[in-house]
Each structure stands twice: as structure tokens, then as C-alpha cells.
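First comes the structure, then the notes that go with it.
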Amino acid sequence: MFPPKSDIAAMPDFKDGIANWNSFGIGSMMENMSKYRPADIESKWQEKWLKESVYEPDLDGAARPFYNLMMFPYPSAEGLHVGNMYAFTGADIYGRKKRMEGFDVFEPIGLDGFGIHSENYAMKIGVHPVDQAKRSEEHFYEQLQMIGNGFAWNERLETYKPEYYHWTQWLFVQMWKHGLAYRKRQSVNWCPKDQTVLSDEQVENGKCERCGTVVVKKELEQWSFRITKYADRLLDNLEKLDWSERVKVAQRNWIGRSEGAEIRFEVAGSNAPATITVFTTRPDTLFGATYLVLAPEHELIADRQFAIANRDEVEKYAAEAKSKNNEERSEEGREKTGVELKGVTAINPATNEEIPIWVADYVLGSYGTGAIMAVPAHDERDFEFAKKFGLPMRQVIVSGGDDAVLPFIGTGALMDSGKFDGMDSEAAKKEITKFVHGEMKMQYRLRDWLISRQRYWGPPIPMIFCEQCAKAGKGEQPEMSGWYAVPEKDLPVLLPYVENFRPTGSGVSPLASDKDFYEAACPACGASARRETDVSDTFLDSAWYYLRYLDPKNASAAVNDPRVKRWLPAALYTGGAEHSVLHLLYVRFVALALTDWGILAFPDGEPFPKFRAHGLIIKDGAKMSKSKGNVINPDEYIRNFGADTLRMYLMFLAPFEQGGDFRDAGVLGIERFLKRVWNMGEGFAAPGTGARSAGALLHRTIKKVADDIDNLHYNTAISALMILLNGLEEQQAVAREDFEIFLKLLAPFAPHITEEIWREMFGRTTSIHREPWPIYDPKLLTEETITLVLQVNGKVRGTISLPSTLTEEEAKTAALADEGVKRALGGATPKKIIYVEKKLVNIVV
RNA sequence: GCCCGGGUGGCGGAAUGGCAGACGCGAAGGACUCAAAAUCCUUUGUUCGCAAGAACGUGUGGGUUCGACUCCCACCCCGGGCACCA
């Protein structure tokens with residue numbers, strides 16, 4: 001593992017310091033010296049900060065609010081992960097600097113404790129989720145206390161507390177009232193292991209995002225939110241957001257907007273009149289459409305009125321295709337299959353030709369209209385299909401150059417397209433659509449947010465179904481007769497403590513067997529009715545928590561709160577990129593909806609104008625996981641090295657947005673650095689020395705550290721601090737003022753040791769974390785002498801030190817006089833001399 | 001396949017047109033010590049050379065430039081996102 005650190009925590013009475021003393025010191029002070037023992041000072045300051053409310057801003061009166069928000073953890077498993085600590089530390093450093101710059105920094109923390117993740121863990125260790133939540137809460141907060149973040153503890157929240165989920169349920173009710181929540185029987189993702197449905201976003205490569213089990217399709221009646229209604233705004237707003245690019249790209253891909261046309265094809269040969277509407281992004285290729293393909297789910301296939309001569313064969317194919325899950329259906333390189341619908345044909349509206357209609361599972365029922373026009377000459381999939389079944393191909397686009405090879409996917413000029421021949425394909429899209437009375441239309445990859453879960457550990461969905469009203473066709477929403485939201489005065493619908501909380505697998509929640517829970521009176525007619533027994537997705541809990549932090553004491557104003565105006569939109573949001581299309585999409589959707597309802601008023605409806613995704617901490621080149629046994633427990637390192645050392649080590653590994661590989665050996669370097677800081681602090685226990693300031697080095701460091709923190713380049717900021725300490729140690733004597741500036745620069749990274757030196761060694765009475773951030777003097781950034789690089793034909797042949805006041809002429813003269821340069825020139829005459837101000841002279845021969 | 005990152009010593013990384021390898025780890029040698037640990041000092045890209053110094057060197061191949069890790073073109077490899085989405 002790592003070397004034993006017997007010299008720190010394990011020796012409480014060790015008290016000489018001699019062994020630690022280095023060249024910097026004053027011998028006579030030795031008996032007063034103490035060793036750097038993080039265990040002694042860290043918990044002391046954590047308690048003191050709490051008592052002094054160092055990190056509690058005035059939520060109602062702060063003059064310069066800075067909401068420093070970070071994604072809250074979901075407690076489960078063995079406790080805080082080193083990855084959590086990495087994320088929190090990186091966000092905290094930014095916030096600490098802002099606080100020193102005079103901002104009222106609000107850095108809240110809480111627990112996203114509802115959900116499958118926490119419930120599964122409780123089941124695994126055989127504890128009831130309610131009881132496990134209490135334990136996790138205690139353990140997590142204890143660990144979170146130890147990492148030394150400037151958390152505003154007073155405002156902490158837990159999503160599983162009734163005073164919290166009261167408002168999660170309220171949010172559901174609002175969705176319902178505004179027509180954004182609906183219940184529908186549909187083919188949904190079902191995780192056989194977690195025994196619940198999942199949203200599209202929770203399925204990764206056909207597997208459950210939580211447990212990795214292959215997801216299957218099930219026909220179930222489920223609750224969804226109409227996030228698709230917001231697809232355009234979710235996409236368009238991305239342009240205005242200052243977010244990590246990779247997250248924006250992921251959201252763009254996920255929303256997947258494409259512009260195309262819907263075109264109607266009349267059907268011939270059927271006894272009843274029928275049309276098939278297709279969606280295409282290439283209406284310009286309509287003249288090349290030689291057949292149509294319906295998805296197995298297409299409504300015409302189930303329509304018995306529709307005269308398909310080989311109906312049995314077609315239905316059999318469709319049924320088989322539907323039984324396959326997405327993964328099987330789209331397995332890469334899979335051969336195309338399909339069946340022709342005999343006895344019916346479609347009429348290409350551009351050519352008036354009769355073309356065959358097929359059913360094939362390469363067309364998805366859930367996208368577009370569930371039907372396509374196939375243009376085998378200009379689409380790879382259609383090409384493959386046409387080749388296999390011997391269907392005709394017709395090229396209708398030519399590019400300028402080599403276009404002999406089909407399929408040709410690109411754009412170009414039209415051919416064999418009647419009066420459109422020669423037209424540019426881009427222009428032809430609109431023209432041909434118009435010509436056949438089609439309609440330009442957007443299509444989205446995004447699906448509605450499936451919100452219900454057949455599990456116990458979540459907020460019960462606050463809906464009631466009344467059989468009486470349903471029969472009478474009454475209800476709160478059109479086409480949803482019988483359904484009523486729980487009246488707001490009756491919220492929250494409490495999650496009962498049931499002994500049998502395990503998922504049933506029958507498509508309903510364990511709450512469905514709790515009569516006391518589900519029996520309710522109809523809010524409309526008073527008849528005996530039945531409560532919804534599913535709970536909502538965990539991601540609904542976390543879709544509004546940033547609002548809740550602003551008022552944990554007064555639940556009645558949790559969402560519509562005057563503080564919201566002061567603190568939101570958040571100044572900075574930090575979290576993992578793995579939530580690109582989960583949390584980060586949902587949270588935006590909910591904010592947009594709240595904006596439309598007049599509850600929020602953020603510009604563009606966006607709560608987080610600035611978001612930064614941090615990197616991933618891996619271990620020895622591999623992702624940490626319990627099965628690999630390479631999970632780093634931060635507690636152990638904090639116990640052995642201190643939180644300051646671990647914080648700095650994690651930040652020193654690599655740029656914060658990149659992540660890093662955790663290697664035990666590296667921790668020692670930071671530990672040495674902090675010991676040297678400590679020792680230098682001890683050296684100042686005596687009155688100040690009146691030594692000269694480190695000047696340019698100091699001021700360059702102030703600038704560098706400030707810039708690096710702003711850019712989240714903590715690794716290079718730490719490097720700059722090391723260089724400054726090295727420089728100070730080389731001096732005969734160090735000015736106390738310099739060292740104090742150094743301490744302030746170090747404070748965001750190592751909050752405990754800097755506070756200890758500041759207050760205990762230097763006798764200050766207020767926290768270093770409330771000190772003003774150092775300002776550099778631009779005049780002091782440059783050294784008195786500069787190093788001029790001398791090149792001949794671009795190769796370095798020497799360097800010389802010159803006063804920084806030097807002129808171009810002086811530089812060139814000095815360069816030509818240099819021995820190394822003369823040797824390299826070998827008597828040749830310079831053709832050209834390039835001078836880069838105060839940096840370099842390059843002599844070209 | 002498309003879209004984002006990225007490829008630099010033994011290792012993590014630094015430098016975004018101007019001394020490649022900052023800072024740290026590791027390693028080697030030395031000081032202190034009975035000894036070890038800790039600490040401090042020195043060295044540490046590769047090759048040739050006693051040295052002064054020289055040549056080579058940032059995934060590969062070209063190009064632009066006085067000068068390229070950095071910019072341009074083509075390609076290879078690694079990580080991530082999307083993917084039969086018409």
C-alpha cells in the first residue's frame with residue numbers, strides 16, 4: 001500500500017523537531033519547535049470554523065453572492081469515494097479564492113439519498129433503506145467534514161426527508177397540471193435485475209446504467225414527463241452556456257435534432273384508402289425512392305382493414321421483431337431482414353410510379369413516422385437492403401467528380417429528377433417538398449422522460465386513480481380520465497415504512513401490496529380510489545435541489561423563494577461528465593418548465609450558466625471498482641497524511657478537468673512540501689526579520705496562482721507555490737510579509753495548515769480564509785535582468801543575461817559578440833537578424 | 001461510420017509560435033547517523049565525448065516559418081459520446 005507514517009499521527013507526545021530542522025532555521029528556537037501533525041490541527045479547525053460560521057454567508061443580505069454549487073453525492077456503499085473528494089476539493093478551491101476576493105460564497109452540501117443505488121446497497125447488507133439512510137447520513141457527513149471543504153452546513157439537505165420530497169411531489173403535481181406529465185402504455189426499458197423500468201438516459205449501450213444488466217423491452221403503462229416539448233430550447237440554449245464542451249456535445253448528440261420533411265405516399269391496391277407518411281432528411285432524393293419500408297410497430301401493419309395479401313407472414317415478422325430488444329435489433333453488422341407487403345403498393349408522389357412496400361426492423365417505430373422512403377442509391381442502409389432483396393436503385397444526385405460508386409451519400413446536383421434536374425441538392429430539399437405538398441419538419445432523437453419506478457425507496461408519485469370518474473370519463477387532464485393529483489394541501493404523500501420493501505418484479509412497486517398506503521378517497525368525487533404506488537426516478541429529486549439549499553428551514557417557500565433572486569443562477573456548477581445526459585439535462589428541463597410557469601426567472605431559463613466537468617480519478621490506469629479491489633478510501637489517507645496533503649496531492653496530479661491516476665508514491669512529495677511550509681512558519685515565531693522581499697518571484701506567483709485557479713489549473717498553481725517556497729528557502733532571510741502572502745495563496749489548497757500557522761503561530765485572531773486575496777504589482781512582475789536566448793539558424797547557441805532595459809540594437813550587438821554564436825557562425829555574414837523583444841535573437845545565415 | 005478529447009523522459013505532467021521536459025515522483029551518488037528512517041546537498045531525455053561541446057529527440061509522414069510539442073494536410077493509436085435515428 002503505502003509506507004507507514006509512524007511519525008505523524010501515532011506519536012502524540014513526540015516533541016523535539018530537531019530531526020526536521022533544515023538549513024533555514026534558527027538553532028536557538030529548536031526547543032520551541034513542533035512537528036507538523038495534521039491529525040492534531042485539522043479537526044480542531046474544522047470545529048472552530050463551524051463555531052465561527054466562517055463559511056456561512058448571509059443568505060438574505062449578502063452583497064456579493066457567489067453560489068458555488070457542486071453535484072451532491074448519492075450515499076451508498078462504503079462511504080465517500082476518493083472521486084467525490086476530488087470533485088469537492090476542486091470546487092472548494094475555486095470557492096475559497098472567491099471568498100478571499102470578497103465574495104459571499106455559498107457552498108452547500110447534501111445527500112441525494114433516495115434511489116435504486118442506495119436501496120440496492122441496503123438490500124445487499126440486509127438493512128432496511130430507512131435505517132441505512134440514517135447510518136449513511138452520519139457516516140457521509142462525518143467524512144465530508146474531514147475533507148476540509150468550506151461547506152455551509154446549516155443548509156444541508158437530504159432528498160429522502162419528507163420536508164424535501166414534499167416539494168419533489170409538488171413538482172410532479174405541477175408537471176401534471178401543466179400537461180407535462182402523462183401516463184401511457186408503451187414499450188419501455190426494463191431492468192430484470194433492478195426490477196424496474198428505466199428512462200432512455202439510464203440505458204447505456206443496452207445495459208442498465210446502475211447494475212450493467214442487459215435491459216429488455218416491456219409493454220407497461222408508465223408515467224412520463226414531456227421533456228421532448230423542450231427539445232429545441234434545450235438544444236438552442238446550449239450555445240449560450242459556458243459549459244465544458246464535451247458536455248455540450250453529449251447533450252447535442254442526445255437531443256439529436258435533424259431537419260427534414262414529412263412526405264405522404266398514397267397507397268394503391270388496398271380496399272380502404274390509406275396513406276403512409278415518411279420522414280426523410282433527404283427530400284431532394286425523392287425521385288430515387290424505389291420502395292417504402294415500415295417499422296414492425298407501424299400502425300398499418302396491425303390494421304386488419306389494410307389488405308395485405310400475405311398478412312400472416314408480415315404479422316409474424318413484425319411480432320418477432322418487436323420481441324427483440326434494441327440491442328439485438330441494432331446489433332452491428334447484422335444482416336438486414338424484411339418482408340414485402342404483397343398486394344399493396346405506394347405511389348411515389350414525385351414520379352407517380354408504383355413502388356413496393358416492405359416491413360423491416362431496420363426502421364425504428366419510435367423515430368420519425370415509423371416509415372421511410374428508401375433511396376438505395378443514396379443511403380447505405382437502403383443500399384444494403386436493396387442489394388439483398390434485389391430491389392431497384394436509381395441514382396438522382398451527381399457530385400462534380402467521382403460519383404460512380406454507389407451509394408453516394410453526399411450532396412450535389414440533381415439528375416433524373418424531372419424539372420429539378422441540375423438543381424443543387426440543398427435547394428432541392430425545399431423545392432421538392434413543396435412540389436409534393438410535403439412539410440419541412442424537425443425530428444428529435446430525444447424521448448420523453450420515463451419517470452416512474454417500480455421500487456420502494458423514492459418519493460411516491462402523488463396521483464390518485466378513481467374508477468368511478470374513469471367510467472364517467474372525468475378527470476383532470478384530457479385523455480387521462482380517472483386520474484387526479486393529490487391536492488397540494490395533502491402533500492407530502494409519506495413513504496410508509498414497510499417491512500417488505502423489496503422489488504416485486506411484477507411491474508408494480510412493493511407499495512402496491514400495502515393497503516393502508518394505496519387506499520385513498522377520490523379528490524373529485526370522494527369515492528374510494530387507489531393511489532399510484534410507483535415512486536419517481538431519483539433524478540427528479542436532484543433536478544431541483546439547488547433551489548432547496550436556499551431555504552431548508554421554511555418548506556412552504558422552498559421553490560418560490562426571494563433568496564433565489566439573490567443567489568441564482570449559480571455562479572459555478574461543478575460535477576462529473578457522466579451526468580451529461582442524465583442530471584444535467586433533467587435539471588435544465590425542470591428549470592425551463594419552472595420558468596414557463598412563472599416560478600423562476602433566470603435568463604433563458606438556465607440555472608447554471610457556467611458548468612465545469614471535472615476529470616476522473618483512476619488507479620493504476622484503470623477505473624476504480626470494488627470488483628477490481630482498487631478503490632481508494634480517502635479516510636485512510638486523511639488519517640495517515642492529513643486532509644491538506646490528500647487535497648493537494650489530488651489537485652497536483654493533473655489538470656482538474658482531466659482527472660488523474662492515483663499513485664501512492666506521489667503523496668510523499670506533497671507531504672514534504674507541507675512539512676517545509678510548517679517549518680518555515682516555525683522560523684517566524686520570533687519577531688520579524690525585516691528581510692528583503694522576494695520581489696518579482698513573489699508577484700509572478702501571485703499572478704500565476706490567481707490565473708491558474710480561475711482556469712481550474714490547480715496542478716500548475718501548486719507547482720508555482722512550490723517554486724516560490726524553493727525560492728524563499730534559498731534566501732538568507734525571508735520577509736514575514738512575503739511568507740504571509742505565500743500562506744494566503746496556499747490557503748485554498750491547504751486550509752488547515754495555513755490557518756494553524758496564521759492563527760496559532762502568528763497569533764492572528766481571525767481566519768486566514770477571510771483575509772483579502774493578495775494583489776500583485778504589475779511593475780514587479782519582470783526581473784531586473786533577463787535571459788536572452790541566442791540562436792543561429794534557429795538553433796540555440798547560447799544565452800546571455802542582460803538588464804531588462806536593453807534595446808534591440810544592444811541585444812543584436814551582444815548576440816554577435818557571443819563566443820558560442822561566433823563559433824556557430826564560423827565567419828559567415830548574417831543575412832538577417834530576428835529579434836523577439838527581451839526574449840531571443842536569431843541570426844540567419 | 002460520425003462527433004469530441006488526447007498521444008511529450010523510468011512515471012504524473014509543464015510549455016499553445018521563441019532555451020522542450022517546469023514542478024513533483026522515482027533513481028543514482030554524497031552529507032548527517034553506530035546503523036536505519038527522516039532531512040539536506042548534487043546528478044538525472046538519449047547517444048557520442050576526458051572535456052569543451054556536438055548530434056538526435058514531443059505517435060507517423062509531409063508542409064508553412066528565421067524558428068513548430070504548438071499552425072496546415074494526410075495517416076496511425078488510445079479514451080469518451082452517438083450510432084440501422086432515414
Side-chain angles (χ1 to χ4, degrees), chain A residues 3-4 6-7 18-24 204-205 244-254 256-258 260 278-282 285 293 326 329-334 336 360-364 366-369 371-375 378-382 384-385 409 443-446 577-578 580-581 616 618 649 652-655 657-670 672-673 675-676 679 713 715-723 726 729 787-799 820 823 830-834 836-837 839-845:
Chain A
S6 55
D7 58 327
I18 296 167
N20 250 353
W21 194 233
N22 63 41
S23 61
F24 177 75
E204 288 176 355
N205 297 320
S244 293
E245 192 55 32
R246 55 190 158 133
V247 173
K248 291 211 271 186
V249 168
Q251 291 209 355
R252 254 179 234 126
N253 284 343
W254 189 258
R257 179 165 71 191
S258 40
V278 303
F279 175 74
T280 177
T281 55
R282 294 297 301 271
T285 63
V293 187
N326 271 355
R329 218 167 126 169
S330 66
E331 211 173 290
E332 212 177 340
R334 194 178 143 255
K336 296 242 178 323
D361 67 1
Y362 82 93
V363 174
L364 305 175
S366 55
Y367 184 81
T369 59
I372 61 149
M373 63 180 215
V375 187
H378 302 291
D379 182 278
E380 275 181 77
R381 298 149 301 187
D382 298 342
E384 235 180 87
F385 191 80
I409 312 301
Q443 282 294 342
Y444 304 87
R445 203 198 148 284
L446 184 71
E578 70 274 17
S580 296
V581 294
L616 212 63
I618 55 171
Y649 173 62
F652 187 55
L653 273 177
E657 292 175 87
Q658 185 186 308
D661 197 344
F662 195 100
R663 284 170 209 267
D664 292 324
V667 182
L668 298 176
I670 297 292
R672 284 178 199 142
F673 170 76
K675 275 186 189 168
R676 282 159 56 208
N679 291 344
H713 291 169
N715 57 330
T716 47
I718 292 169
S719 156
L721 288 166
M722 289 172 166
I723 292 168
N726 291 347
E729 282 182 346
T787 304
L788 196 66
V789 175
L790 309 177
Q791 295 184 338
V792 176
N793 286 336
K795 281 193 197 284
V796 179
R797 296 300 173 183
T799 56
R823 200 181 320 118
K831 267 193 219 142
K832 194 168 158 191
I833 302 178
I834 286 149
V836 180
E837 175 135 14
K839 261 188 185 157
L840 158 146
V841 176
N842 186 15
I843 299 160
V844 187
V845 290

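Please read these numbers as outputs of a predicted model, since none were measured by experiment. Computed over heavy atoms, backbone and side chain alike; hydrogens, waters and symmetry mates excluded. Each chain gets a letter, A, B and so on, in the order its sequence line appears, and its residues count up from 1.
Annotation: ring-ring contact (aromatic ring centres under 6.0 Å, His included) contacts of Phe662(A) (sequence neighbours excluded): Tyr637(A), Tyr649(A). Residues forming a side-chain hydrogen bond (donor to acceptor under 3.5 Å, both in side chains) with Asn726(A) (at least two apart in sequence, or on another chain): Arg676(A). Applying the side chain to side chain contact (heavy atoms under 4.5 Å, CB included) test to Arg252(A) and every residue at least two apart in sequence or in another chain returns Leu235(A), Leu238(A), Glu239(A), Glu245(A), Lys248(A), Val249(A). Scanning for side chain to side chain contact (heavy atoms under 4.5 Å, CB included) contacts around Lys832(A) gives Ile834(A), Val844(A), with sequence neighbours left out. Applying the side chain to side chain contact (heavy atoms under 4.5 Å, CB included) rule to Ala720(A) yields the partners Thr701(A), Lys704(A), Val705(A); only residues at least two apart in sequence or on another chain are considered. Residues meeting the salt bridge (Lys or Arg N to Asp or Glu O under 4.0 Å) test with Arg257(A), sequence neighbours left out: Asp232(A), Asp236(A). For Ile723(A), the side chain to side chain contact (heavy atoms under 4.5 Å, CB included) partners two or more places apart in sequence, or in a different chain, are Leu697(A), Ser719(A). Residues forming a salt bridge (Lys or Arg N to Asp or Glu O under 4.0 Å) with Asp379(A) (at least two apart in sequence, or on another chain): Arg381(A).
Distance from the side chain of Ser258(A) is smallest to A86(B) among G13(B), G24(B), A86(B). Of the candidate nucleotides A22(B), G13(B), U39(B), U39(B) has the atom nearest to the side chain of Lys675(A). Closest approach to the Thr799(A) side chain among A86(B), A22(B), C19(B) is made by C19(B) (side chain taken as heavy atoms from C-beta onward). Closest approach to the Ser719(A) side chain among A22(B), C19(B), G18(B) is made by A22(B) (side chain taken as heavy atoms from C-beta onward). Across C82(B), A86(B), C84(B), the shortest atom-to-atom separation from the side chain of Lys336(A) is found for C84(B).
The separation of A20(B) from A54(B), taken at their P atoms, amounts to 13 Å, rounded to a whole angstrom. Taking atom P in both U65(B) and C72(B), one finds a spacing of 16 Å when rounded to whole Å. For the P atom pair drawn from G63(B) and C78(B), the interatomic distance equals 28 Å after rounding to whole Å. The gap from the P atom of C40(B) to that of C23(B) amounts to 15 Å, rounded to the nearest Å. The P atoms of G59(B) and G6(B) are separated by 13 Å, rounded to the nearest whole Å.
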Going 5' to 3' along nucleotides 62-72 of chain B, which nucleotides have protein heavy atoms under 4.0 Å from the base (write B), which only from the sugar-phosphate (write S), and which from neither (write -)? ----B------
Protein-proximity profile, nucleotides 52-59 of chain B, B/S/- by nucleotide at the 4.0 Å heavy-atom cutoff, equals -SSSS---
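Residues Val796(A) and Gln791(A) have side chains in contact (heavy-atom distance under 4.5 Å, counting atoms from C-beta outward).
We find the CZ-CD1 distance between Phe673(A) and Ile718(A) to be 8.0 Å, quoted to the nearest 0.5 Å. In this structure, Leu653(A) CG and Asn715(A) CG are separated by 9.0 Å, a value rounded to the nearest 0.5 Å.
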Can you check nucleotides 2-12 of chain B for protein contacts, nitrogen or oxygen pairs under 3.5 Å, and list what you find?
{"unit_1": "G12(B)", "atom_1": "O2'", "unit_2": "Leu653(A)", "atom_2": "O", "d": "2.7"}

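Among the atoms of the strands shown, none is found under 4.0 Å from any heavy atom of Asp382(A). Backbone-only contact: Arg672(A) has heavy atoms under 4.0 Å from sugar-phosphate atoms and none from a base.
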Give the dot-bracket line for RNA chain B from 5' end to 3' end: parentheses for intra-strand Watson-Crick or G-U pairs under 3.5 Å, square brackets for crossings, | for inter-strand pairing, dots for unpaired. (((((((..(((.....[....)))((((((.......))))))((((....))))..(((((..]....))))))))))))....
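Shortest non-hydrogen contact noted between Glu657(A) and Ser244(A) is OE1-OG, 3.6 Å.
Side-chain N/O atoms of Tyr362(A) include none lying less than 4.0 angstrom from OP1 or OP2 on A86(B).
Phe385(A) does not carry Lys336(A) over the face of its six-membered ring by the limits of under 6.0 Å from the centre and within 45° of the normal.
With a glycosidic angle more than 90° from 0, G13(B) adopts the anti conformation.
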Carefully, step by step, assess Thr285(A) and Met373(A) under the rule side-chain contact (heavy atoms from CB on, under 4.5 Å). CA-CA 10 Å; Thr285(A) 63; Met373(A) 63 180 215; 3.7 Å; yes
